[in-house]
Chemist: 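Dropping the structure in here first, questions after.
What you see is a predicted model, and the numbers here were worked out from it, not measured in a lab.
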Amino acid sequence: MAISKKNQFETGSEDGNPPAPVIAIASVVLSMALIAVGNGLMFAYIPVRLGVEGFDPTWAGLIITGLSAGGLAGCILTGPLVRRVGHARAFMVLSALIALSNAAIGAGTYPLLWIAARALYGFSICGLFIVAQSWLNDAVANAIRGRVMAVFYVAYVAGLGVGYATLAAIDIQTAAAPLIGIAFTALSILPVGMTRLAQPPAPQAASVALGRAWRISPVGVAGMLAVGGLSMAISGFAPIHATAEGYSQADVALLLAAMPLGTLILQIPLGWISDRTDRRYVLIAASALAVAAGMLAIGFDGGALAALVVIYIVWDGASESIYSLASAHAADRASKNDMVALSSSLLFAWSLSGFVVPGIVTGLSALYGTQAFIYVAIVIASAFCLFVLWRVLTTQPVPTAETGSFAPMSAQAPLPVELAFAPDQQRDS
């Protein structure tokens, strides 16, 4: 039987919903990739601009802490926003808030204003990820969901890398970076504004129950607590420290642009191994690799840029891998009826750690210097490694035949939609 041209370019649905055209799904992915370019540039621009203006690095740390606080609020408040206005309008509202945040940065170097602006950004980007992922999750069939989400994450991480690299080509003492960020944010609205992708039904509220989540998967909860802090410490404070150490604008851009390569390079082989053995072994290896890379970061700190780039690629990739591995391990131990409560609790744990740890690093940096983030990251990775090792020695693994499939993810974004909203097949179970 011949396959129609329409079916070649549509993704089927297993729950009775009409199929979603590939081009419509691509519109959401493209929107997030475009917004990532501006986001990456702003992450790199802020600490370098503050350094050029002679501000103490503590201000940059406070800005990261404000961003994390906004992200925590976004994880809590996005659900009510989507229930009120729907996915498309929520996406546009949140994109507009990011543009407003970038405009405030471009108004001049006012650290207090920048703290508020980045808190608004944190709220908005967290909400955008939840909206985009819930939209995609509803539109695609289970058989291809993992592949679609993998493309989604890779596109966003690649966009961040492009944004980081763009820093090297701009005049740091002008408002060029915020203007570019606003431009890419505006461009990101266009694909979603013109999409024909059907909007999902309004999401149900998802409760947070950390005690229940801990009983289901202690390693999963601990992994989210570890990686929330690790990700914000490494990605947020690496440019602050590099600027304070005297590396040039181009050097900082290169270092940040290279770091996402670790996420893309390490996650696939580690995930492949974890699908064929006890995932906890791979989590131990990933966290131990993060510890080793952190120690090398101390040893080569202030040295040759080429060596630091390689070290930070490995360090960032190992740390980011904990995110997806811990998520998969938690899902292996949960029943379908437990998924929404477990997943929303993991999302909260990730957000909480991402807020608390930057505050700790900022305080320590004021006392001991910007290198403090490296020591904090080593302590977090070491503690998690030892905890998982203890769990391996005291509890039985999930049989490999009963585990799910690994999907690459990034700790730069909230967990997939199941962690905030209940898909139809789970609500009906």
Chemist: Are any non-hydrogen side-chain atoms of Val357 and Val376 less than 4.5 angstrom apart?
Modeler: yes

Chemist: Under the criterion side chain to side chain contact (heavy atoms under 4.5 Å, CB included), I'd like the reasoning laid out for Ser31 against Ile189: C-alpha separation, chi angles, the key distance, then a yes or no.
Modeler: CA-CA 6 Å; Ser31 288; Ile189 299 175; over 6 Å; no

Chemist: I'd like to check the side-chain contact (heavy atoms from CB on, under 4.5 Å) partners of Val314; sequence neighbours left out, ordered by chain and number.
Modeler: Leu289, Ala293

Chemist: If you define the side chain from C-beta out and look only at heavy atoms, does anything of Ile125 sit under 4.5 Å from Leu94?
Modeler: no

Chemist: Within the 4.5 Å heavy-atom criterion, are Thr78 and Cys126 side-chain neighbours or not?
Modeler: no

Chemist: With a 4.5 Å heavy-atom cut-off, do Pro358 and Phe237 have their side chains touching?
Modeler: yes

Chemist: Find the distance between CG (Leu81) and CZ (Phe123) and round it off to the nearest 0.5 Å.
Modeler: 6.0 Å

Chemist: So, do Ile98 and Asn39 sit near enough that their side-chain heavy atoms are less than 4.5 Å apart?
Modeler: yes

Chemist: Could you work out, with side-chain contact (heavy atoms from CB on, under 4.5 Å) as the rule, every residue matching Tyr281, not counting sequence neighbours?
Modeler: Thr277, Asp278, Val392

Chemist: Look at the side chain of Ser365 and the backbone N and O of Val361, then say whether any donor-acceptor pair between them is shorter than 3.5 Å.
Modeler: yes

Chemist: Any non-hydrogen side-chain atom of Tyr164 less than 4.5 Å from a side-chain atom of Leu41?
Modeler: no

Chemist: Report, one line per pair, each donor and acceptor closer than 3.5 Å where one atom sits in a side chain of residues 249-260; sequence neighbours left out.
Modeler:
{"from": "Gln249", "atom 1": "NE2", "to": "Leu167", "atom 2": "O", "distance (Å)": "2.6"}
{"from": "Gln249", "atom 1": "NE2", "to": "Ile170", "atom 2": "O", "distance (Å)": "2.9"}
{"from": "Asp251", "atom 1": "OD1", "to": "Ser248", "atom 2": "OG", "distance (Å)": "3.4"}
{"from": "Asp251", "atom 1": "OD2", "to": "Ser248", "atom 2": "N", "distance (Å)": "3.4"}
{"from": "Asp251", "atom 1": "OD2", "to": "Ser248", "atom 2": "OG", "distance (Å)": "3.2"}

Chemist: Work out which heavy atom in Leu325 is nearest to a heavy atom in Ala286; give both atom names and the distance.
Modeler: CD1-CB, 4.3 Å

Chemist: Excluding sequence neighbours, so at least two apart, what forms side-chain contact (heavy atoms from CB on, under 4.5 Å) with Val37?
Modeler: Val162, Phe184

Chemist: Taking Ser353 for its side chain and Leu225 for its backbone only, find out whether a donor-acceptor pair lies under 3.5 Å.
Modeler: yes

Chemist: One pair to check against side chain to side chain contact (heavy atoms under 4.5 Å, CB included): Phe384 and Leu389. What are the steps and the verdict?
Modeler: CA-CA 9 Å; Phe384 179 64; Leu389 180 60; over 6 Å; no

Chemist: Measure the spacing between CG of Leu100 and OG of Ser124 and express it to the nearest 0.5 Å.
Modeler: 8.5 Å

Chemist: So Ile298 and Met295, side chain to side chain contact (heavy atoms under 4.5 Å, CB included) or not? Walk me through it.
Modeler: CA-CA 5 Å; Ile298 293 174; Met295 291 180 174; 5.6 Å; no

Chemist: Step through it carefully: locate the ring centre of Tyr156, locate the ring centre of Phe129, and say whether they are under 6.0 Å apart.
Modeler: yes

Chemist: When you look at Tyr312 and Asp316, which way does the side chain to side chain contact (heavy atoms under 4.5 Å, CB included) test go after all the steps?
Modeler: CA-CA 6 Å; Tyr312 275 72; Asp316 189 65; 5.8 Å; no

Chemist: Side chains of Tyr323 and Trp350: does their closest heavy-atom pair fall under 4.5 Å?
Modeler: yes

Chemist: Please enumerate all residues that pass ring pair (Phe, Tyr, Trp, His ring centres under 6.0 Å) together with Phe373, with sequence neighbours excluded.
Modeler: His241, Trp315

Chemist: To the nearest 0.5 angstrom, please state how far the CD1 atom of Ile76 sits from the OG atom of Ser351.
Modeler: 7.5 Å

Chemist: Looking at every non-hydrogen atom in both residues, tell me the closest pair between Ser27 and Val192 and how far apart they are.
Modeler: O-CG2, 4.4 Å

Chemist: Compare every heavy atom of Ala132 with every heavy atom of Val28, then report the nearest pair and how far apart it is.
Modeler: CG1-CB, 3.8 Å

Chemist: Can you tell me how far OG1 of Thr243 sits from CG of Leu50, rounded to the nearest 0.5 angstrom?
Modeler: 9.0 Å

Chemist: Residues in side-chain hydrogen bond (donor to acceptor under 3.5 Å, both in side chains) with Asn102, at least two apart?
Modeler: none

Chemist: How far apart are the closest heavy atoms of Leu34 and Leu187, and which atoms are they?
Modeler: CD1-O, 3.8 Å

Chemist: Should the pair Phe387 and Trp214 be assigned to parallel (<30°), tilted (30 to 60°) or perpendicular (>60°) ring geometry?
Modeler: tilted

Chemist: Residues in side-chain hydrogen bond (donor to acceptor under 3.5 Å, both in side chains) with Thr166, at least two apart?
Modeler: none

Chemist: Kindly compute the distance separating CE (Met42) from OG1 (Thr185), expressed to the nearest 0.5 Å.
Modeler: 9.0 Å

Chemist: Considering only residues two or more places apart or on different chains, which pairs with a residue in residues 382-395 satisfy side chain to side chain donor-acceptor pair (under 3.5 Å)?
Modeler: Arg280-Thr395

Chemist: Tell me which donor-acceptor pairs under 3.5 Å the side chains of residues 103-120 have, and how far apart each pair is, sequence neighbours excluded?
Modeler:
{"from": "Thr109", "atom 1": "OG1", "to": "Arg49", "atom 2": "NH2", "distance (Å)": "3.3"}
{"from": "Trp114", "atom 1": "NE1", "to": "Ile105", "atom 2": "O", "distance (Å)": "3.4"}
{"from": "Trp114", "atom 1": "NE1", "to": "Gly108", "atom 2": "O", "distance (Å)": "2.8"}

Chemist: Going by the side chain to side chain donor-acceptor pair (under 3.5 Å) test, which pairs reach into residues 60-72, not counting sequence neighbours?
Modeler: Thr65-Thr362

Chemist: Any donor and acceptor pair, going by atom type alone, linking the side chain of Ser101 with main-chain N or O of Leu97 inside 3.5 Å?
Modeler: no

Chemist: Just to verify, what does Ser217 make a side-chain contact (heavy atoms from CB on, under 4.5 Å) with, not counting sequence neighbours?
Modeler: His329, Ala330, Arg333

Chemist: Give me the atom names and distance for the closest heavy-atom approach of Ile240 to Pro47.
Modeler: CG1-CB, 3.7 Å

Chemist: Would you say Phe300 has more than 12 foreign heavy atoms packed within less than 6.0 Å of its CZ?
Modeler: no

Chemist: For the atom pair CG (Leu266) and CD (Glu320), what is the distance rounded to the nearest 0.5 Å?
Modeler: 10.5 Å

Chemist: Shortest non-hydrogen contact from Ile374 to Gly294?
Modeler: CG2-O, 3.4 Å

